[in-house]
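Working notes, beginning with the structure itself.
First the proteins, then the strands, lettered A, B, ... as listed; each starts at 1. What you are looking at is a predicted structure, and each value in this text was computed from that prediction instead of being measured.
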2 protein chains.
Amino acid sequence: MKIHIVFRVLGLLSVIISLTMVFPLIWSIIDGTPDTIAFLMSMTLGIGIGTILYLLGDRSREYAELNVREAFAVVSLSWVMASVVGALPFYMGEYLPTFADAFFEAMSGFSTTGATVFTDIESNPRGILFWRSLTHWIGGMGIIVLSLAILPFIGVGGMQLFRAEVPGPTPEKLSPRIQQTALMLWAVYVVISAAQTVVLMLCGLDLFDSLTHTFGTMATGGFSPYNDSIAAFRSPLIEWVIILFMFLAGTNFVLHLLALRGKPGSFWKDEEFRFYVKFTLLSIAVVTVFLLIKGHYGSFSDTFRNSAFQVISIMTTTGYVTSDFNLWPQALRLLMLLLMFAGGCAGSTGGSMKQVRLMILAKRVKVEINRLLHPQQVLRVRFNKQVLSLDVISSVTAFYILYMMFFVGFSLIIITITGLDLETGIASVAATLGNIGPGLGGVGAVENYSFFNMPAKLILSFCMLLGRLELFSVVMLFVKGTWRS
Amino acid sequence: MKIHIVFRVLGLLSVIISLTMVFPLIWSIIDGTPDTIAFLMSMTLGIGIGTILYLLGDRSREYAELNVREAFAVVSLSWVMASVVGALPFYMGEYLPTFADAFFEAMSGFSTTGATVFTDIESNPRGILFWRSLTHWIGGMGIIVLSLAILPFIGVGGMQLFRAEVPGPTPEKLSPRIQQTALMLWAVYVVISAAQTVVLMLCGLDLFDSLTHTFGTMATGGFSPYNDSIAAFRSPLIEWVIILFMFLAGTNFVLHLLALRGKPGSFWKDEEFRFYVKFTLLSIAVVTVFLLIKGHYGSFSDTFRNSAFQVISIMTTTGYVTSDFNLWPQALRLLMLLLMFAGGCAGSTGGSMKQVRLMILAKRVKVEINRLLHPQQVLRVRFNKQVLSLDVISSVTAFYILYMMFFVGFSLIIITITGLDLETGIASVAATLGNIGPGLGGVGAVENYSFFNMPAKLILSFCMLLGRLELFSVVMLFVKGTWRS
């Protein structure tokens with residue numbers, strides 16, 4: 001392990017995260033609230049620690065290439081580092097009681113999960129709330145750039161293991177150079193975010209609400225400065241705007257890039273996108289019909305809007321709430337729990353298993369059943385008109401098995417150390433591993449995670465990290481080979 | 001589809017099942033209870049229907065070879081036919097209110113599940129109770145003979161898809177002829193059953209209790225003539241005897257055959273058996289320690305015995321109960337739910353996913369993670385010292401994915417049509433699909449399935465069939481290619 005590079009990367013990251021605190025700092029100065037001091041202290045500490053780490057990173061040695069394992073390790077540690085630094089304002093300003101709480105909130109932000117340990121969100125100053133939402137946006141951008149620009153260039157690896165080999169829209173075709181690709185994706189992310197902010201302001205929200213909710217939407221995060229989440233606005237128009245942008249955030253950003261470059265046809269040409277659209281529409285239809293039959297909401301328009309909002313919010317792993325789906329009929333509660341395993345498209349800010357993996361798994365089972373009828377047939381799965389290699393199918397399957405193993409294993413651990421009922425325990429792991437936020441039961445749509453004990457909070461934070469980096473990257477940290485020189 | 005062969009097989013089966021009713025008939029005559037009439041009517045009807053079906057089977061046509069698909073279809077329909085005929089005594093004697101209930105109980109018997117719709121078991125005459133238990137024993141023998149003697153000879157196919165190619169103890173090495181193999185396995189099943197009956201009688205049980213509990217144990221079924229299941233005897237000795245025989249019933253019967261032929265070393269040479277032993281011991285240890293810490297039972301011996309009993313009962317998919325595990329601490333309730341997905345060894349009477357599949361899946365994930373470190377490595381999984389073919393790994397994985405799809409899909413359906421809470425709904429599907437019987441919540445260890453509505457009872461019966469025939473055989477019934485001539 002080239003430890004000096006790890007130190008330099010993490011040091012640099014600490015400085016950058018600290019510098020981004022200048023934005024919440026501005027809000028706190030405008031409002032004249034005491035969180036100004038928390039931000040100044042955090043920035044000083046973060047820049048200090050970062051500088052020391054960077055200097056420890058022995059600049060005299062040559063910058064060496066990282067191998068795949070090391071790259072994974074650095075990526076995982078980066079999210080941990082960002083969360084440690086990002087936790088400082090919550091902790092130093094005493095807005096959260098323990099550092100474990102502050103770390104949970106920051107990891108929930110940077111991993112774009114949106115699970116909160118604040119019991120009364122609105123009692124916090126705007127600076128703190130802005131920082132909380134900004135961590136989403138930074139985390140979301142990090143994922144886009146990492147998964148679409150950086151990882152494909154280091155070669156194979158967990159997150160990109162299949163996407164790099166799965167035929168589909170690739171940024172390489174657009175630009176062969178890594179910095180330029182990263183820059184273009186960053187630009188797309190900024191452009192769509194700016195569009196949402198402007199639209200929300202046109203709908204009557206002020207700049208603060210527009211920005212924070214844009215951050216939560218574009219990152220498929222889910223933090224809102226309001227206790228009632230999106231329900232606080234009581235505005236169908238705003239709900240529809242957020243539905244639209246959540247859906248866009250759950251789409252592969254390469255498609256957005258291609259569209260902005262004048263190729264809007266790329267959307268429908270992509271098999272994953274078509275599946276995503278159909279899956280979403282089907283789920284909304286099922287939920288709408290079920291709720292209409294049960295007469296859960298008054299009018300059709302209320303039923304349809306709430307169905308569309310919650311389905312897209314959960315499926316894209318955003319976690320915003322307009323209506324407490326924990327109170328829906330039992331079958332729909334289970335459906336929402338299942339949708340937590342879907343996730344957005346690959347190359348989006350959405351978490352969880354991703355649409356493309358579900359597709360490949362479904363196709364695979366279909367082929368296997370056909371093979372029973374015609375044993376001489378080979379295992380051939382097509383995606384975007386091309387035949388997938390056995391390696392790709394194999395790694396998608398392994399991902400699914402590993403995801404289920406982690407889900408089950410951490411559910412057992414969480415229930416063991418908390419004694420919670422099965423539903424709450426299972427849902428808390430599904431909602432953090434899938435980077436969603438709200439779950440069912442005790443962590444239901446309008447509840448929070450403050451009641452978990454300290455070890456449980458740390459474990460759930462770890463689940464968020466695992467989910468965000470698609471398991472393998474984090475698993476690399478615990479494989480002995482990674483740390484050998 | 002050679003429909004005339006299907007008719008002849010099902011007709012013959014109907015006659016055979018009807019003839020086995022002579023055993024419960026004897027009990028009813030001894031007791032002088034009114035179920036005598038129910039059995040006589042059922043036998044007449046069953047033999048009549050069977051004969052008609054057999055004659056409809058157009059004997060003039062040559063007996064043709066069945067292809068794989070047709071064989072699967074016949075196997076699946078055989079279990080349905082047996083359950084229809086087996087349901088007659090319950091229905092005609094009015095021991096159960098509807099034919100759906102009677103069918104559920106018979107399918108639960110023949111599929112060796114052990115889920116019951118009787119609310120007060122002990123109120124039934126001994127003839128009916130004996131029949132109920134006998135369906136287990138017949139079903140268990142059917143599975144052993146089918147999976148170890150018949151299916152390997154028709155070639156590949158769902159149930160044997162992997163076992164036929166997985167290195168391990170095979171009956172072919174013992175005898176190349178199908179009838180002889182079937183006969184030997186039948187003999188082993190009878191010998192071990194006789195041994196258990198004798199041991200239970202030595203422990204003080206009468207012939208009726210010894211036989212019915214032997215049937216429930218050897219088939220890993222779980223029906224008991226007592227409302228309190230095994231707890232009714234209040235005898236640690238009897239519990240230990242049943243623990244031992246449940247464990248034996250969950251073992252590959254080829255190993256028993258080899259052992260009886262003087263090769264007891266075969267047990268430890270088989271990698272699946274070693275895994276089964278370790279997995280069982282580890283689970284018992286975890287449950288024991290947890291219950292001791294919580295002080296759930298008084299003494300160590302009570303804790304250890306109840307832990308061993310419930311772990312082995314659930315893992316082998318038997319479903320006998322000595323203590324209501326639904327009242328255990330939450331983490332152990334979840335653990336029991338998870339153990340419902342394990343199952344016995346391949347070639348045993350146990351249901352669910354089976355030990356060998358879990359092993360192969362676990363090894364596969366390990367290899368995939370290693371492949372991230374060393375991408376040039378090929379996917380190579382060893383079992384019993386031999387490298388498994390990609391086909392085997394692939395079909396085991398597809399089985400797992402399909403199993404989870406059915407589990408999730410039927411949970412959704414059951415909860416939709418019943419409105420039950422998630423825990424009860426999920427557990428009822430896990431417990432029927434895995435051929436276990438008791439689940440959690442509303443279908444917890446000491447509850448029953450009588451409160452489900454009619455459609456739900458039929459769907460859960462279908463789950464039992466699916467699980468018992470390891471999915472693919474039943475899926476074949478719904479693939480259009482099967483019915484084409």
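- Interface remark: A:Leu335 contributes backbone and side-chain atoms alike to the contact with chain B (heavy atom separation under 4.5 Å).
- Minimum heavy-atom separation, A:Gln330 to B:Leu422: O-CD2, 3.3 Å.
- Only the side chain of A:Ile426 comes within less than 4.5 Å of a heavy atom in chain B; its backbone stays farther off.
- Chain A forms more heavy-atom pairs under 4.5 Å with one residue of B:Ile413, B:Asp421, B:Leu402 than with any other, namely B:Asp421.
- Residue B:Ile414 holds its CD1 atom at 11.5 Å from CG of A:Leu334, rounded to the nearest 0.5 Å.
- Looking only at heavy-atom pairs under 4.5 Å with chain A, the residue among B:Pro329, B:Ala398, B:Ala362 that has the most is B:Ala398.
- Minimum heavy-atom separation, A:Ile401 to B:Arg364: CD1-CD, 4.1 Å.
- For chain B, no part of A:Thr418 is nearby; none of its heavy atoms comes within less than 4.5 Å.
- Annotation: the span from A:Leu412 atom CG to B:Leu332 atom CG amounts to 9.0 Å, rounded to 0.5 Å.
- Of the atoms belonging to A:Leu440, it is side-chain heavy atoms, and not backbone ones, that fall under 4.5 Å from chain B.
- The OG1 atom of A:Thr416 lies 4.5 Å from the CZ atom of B:Phe290; values are rounded to the nearest 0.5 Å.
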